[in-house]
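The next block holds one structure in the form of structure tokens; read it before the comments.
Just so you know, ligand 1 is whichever comes first in the structure, and atom 1 is the first atom listed for that ligand. Computed from a prediction, not measured in an experiment: that's the story for all the values here.
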Amino acid sequence: MIVALTGGTGGAKLVEGLAAVVDPSQLLIICNTGDDCVFHGLHVSPDIDTITYTLAGLSDTEKGWGIKGDTFAAMEHLGRLGNDIWFNLGDRDLATHITRTRLFREERKLSEITEQIRRALGVTATILPMSDDRIETRVQTAAGEISFQEFFVKERWAPDVRAVRFVGAEQSRPAPGVLEAIRRAEAIIVCPSNPITSIGPILAVPGIRAALEQIEAPVVGVSPIIGAAAISGPAHKLLRTAGWQASALGVARCYRGFLDNFMIAAEDESIAAEIQSLGIETRCANIRMTSLADKRRLATEVLAWATK
Ligand code: FO1
């Protein structure tokens with residue numbers, strides 16, 4: 001089983017490539033849920049939905065989230081009725097959140113709900129939330145503490161960030177199957193997601209980081225940063241806030257202890273030796289993924305390295 005840790009749009013691109021080059025029944029995705037939020041009374045799990053839609057071939061790969069071709073009639077009318085509509089929920093996407101919210105009311109766990117929805121959409125790969133417990137990423141800015149989505153979407157990640165915290169992580173437990181999947185994996189892929197707000201919450205669930213450190217199987221990461229800037233989103237900003245250098249070297253130091261191999265951008269060749277000196281095998285590649293061919297190529301390179 002190939003196990004991938006992911007969150008956000010960057011991770012979903014590599015997952016799409018992995019699913020195109022391995023038998024999806026041999027792929028298990030552990031998803032960040034720190035971005036989860038409640039809008040209009042509905043529970044939204046953005047990173048789980050992005051992965052589910054991606055693997056179902058439904059995702060809007062242009063935007064990187066939601067369902068391709070979705071309409072926003074409900075959003076428009078919600079706005080007309082005076083609701084906040086800065087978080088765009090498409091009409092088909094709303095069906096997912098309505099279903100998830102109903103199942104939560106019927107006291108189902110997030111992992112069970114995720115399984116039911118991915119099976120309904122014909123997804124063969126296994127998708128696990130990092131935890132069934134509620135964990136909320138909160139971002140502290142000069143204007144006070146806001147939710148991750150208020151920071152990322154409403155404020156377009158413009159505010160300076162003083163700190164990020166994962167409320168509920170300390171008391172949380174890995175979702176059923178997460179630790180077993182890590183222990184039995186042939187290889188673990190850390191996708192090019194935001195190290196602080198996508199991979200960080202996964203590592204903050206007690207037991208997950210230790211499991212990654214203990215396993216024999218290789219843990220192979222792909223850098224989400226080229227030079228000093230994230231390929232997409234605020235990773236460079238949040239790395240600095242957390243005291244790490246905003247570079248592939250900073251990410252390597254952040255993952256030190258469980259990362260065995262690190263694929264970085266060809267543009268970052270000058271820091272490869274320094275990452276290597278951390279005891280992390282380092283390779284340079286073209287890590288940009290704009291086409292499906294890019295995603296397949298990078299996934300093939302990562303898997304060849306992870307399963308050699
Ligand atoms: N991102 C945006 O930039 N604007 C949006 O309006 C937006 C809506 C949205 C709805 C459902 C969903 O699953 C994701 C959505 N996202 C939106 C992306 C989301 O903020 C990110 O995917 C993650 O939370 C960041 O990793």
Side-chain angles (χ1 to χ4, degrees), residues 4-16 29-56 58-76 78-79 83-101 110 113-114 117-118 121 123 127 129-130 134-139 146-159 161 164 166 190-203 224-225 230-239:
L5 306 185
T6 186
T9 51
K13 289 182 177 178
L14 187 61
V15 167
E16 187 178 2
I29 317 292
I30 298 173
C31 274
N32 167 43
T33 58
D35 295 3
D36 289 16
C37 46
V38 176
F39 286 105
H40 317 295
L42 300 174
H43 188 112
V44 182
S45 295
D47 288 350
I48 288 177
D49 292 343
T50 298
I51 290 299
T52 305
Y53 295 155
T54 296
L55 294 175
L58 288 176
S59 70
D60 180 330
T61 47
E62 279 304 301
K63 285 191 303 206
W65 47 268
I67 293 174
K68 76 174 160 251
D70 208 349
T71 49
F72 292 82
M75 269 291 111
E76 264 164 56
L78 278 165
N83 296 279
D84 268 344
I85 54 169
W86 52 266
F87 196 76
N88 293 294
L89 294 164
D91 298 321
R92 289 181 193 80
D93 196 24
L94 279 168
T96 303
H97 314 314
I98 291 166
T99 303
R100 179 179 295 115
T101 305
L110 182 55
I113 296 168
T114 302
I117 292 172
R118 67 109 176 155
L121 296 180
V123 173
I127 302 171
M130 63 194 191
R134 180 79 181 95
I135 296 169
E136 187 185 2
T137 300
R138 304 279 298 166
V139 181
I146 53 179
S147 73
F148 176 79
Q149 297 301 348
E150 284 171 299
F151 169 70
F152 185 75
V153 178
K154 190 175 182 185
E155 304 301 334
R156 300 184 190 289
W157 51 272
V161 177
V164 172
F166 310 128
V190 182
C191 291
S193 304
N194 186 313
I196 307 301
T197 53
S198 292
I199 305 298
I202 299 173
L203 300 175
I225 289 208
I231 296 169
S232 72
H236 49 295
K237 233 176 136 162
L238 297 176
L239 274 164

Below 4.0 Å, non-hydrogen atoms only: which portion of Phe152 touches ligand 1? Side chain, backbone, both or neither.
side chain
Which residue and heavy atom of the protein sit nearest [atom], plus the separation:
atom                    : result
atom 1 (N) of ligand 1  : Trp65 NE1, 3.3 Å
atom 20 (O) of ligand 1 : Gln149 OE1, 2.7 Å
atom 11 (C) of ligand 1 : Asp93 OD2, 3.4 Å
atom 3 (O) of ligand 1  : Val153 CG2, 3.9 Å
atom 13 (O) of ligand 1 : Pro46 CA, 3.3 Å

Exercise: do [X] and [Y] side chains pair donor with acceptor under 3.5 Å:
X     : Y     : result
Thr71 : Asp91 : yes
Thr50 : Asp47 : no
Asp60 : Tyr53 : no

Enumerated ligand 1 atoms positioned under 4.0 Å from heavy atoms of [X]:
X      : answer
Asp35  : 23 (C), 24 (O), 25 (C), 26 (O)
Trp86  : 6 (O)
Asp47  : 23 (C), 26 (O)
Gly8   : 26 (O)
Phe148 : 24 (O), 25 (C)

If only atom types and distance count, is the side chain of [X] paired as donor or acceptor with the main-chain N or O of [Y] below 3.5 Å?
X      : Y      : answer
Lys237 : Pro159 : yes
Lys154 : Ser147 : no
Arg118 : Thr52  : no

Which pair of non-hydrogen atoms, one from Ile29 and one from Val15, has the smallest distance, and what is that distance?
CD1-CG1, 3.8 Å
Can His43 and Ile113 be said to form a side-chain contact (heavy atoms from CB on, under 4.5 Å), step by step?
CA-CA 11 Å; His43 188 112; Ile113 296 168; over 6 Å; no
Check whether any N or O atom of Asn88, backbone or side chain, sits under 3.5 Å from an N or O atom of ligand 1, and answer yes or no.
yes
Do any nitrogen or oxygen atoms of Thr50 come within less than 3.5 Å of a nitrogen or oxygen of ligand 1?
no
With Val44, which of Asp35, Asp36, Thr101, Leu89 fulfils side chain to side chain contact (heavy atoms under 4.5 Å, CB included)?
Leu89
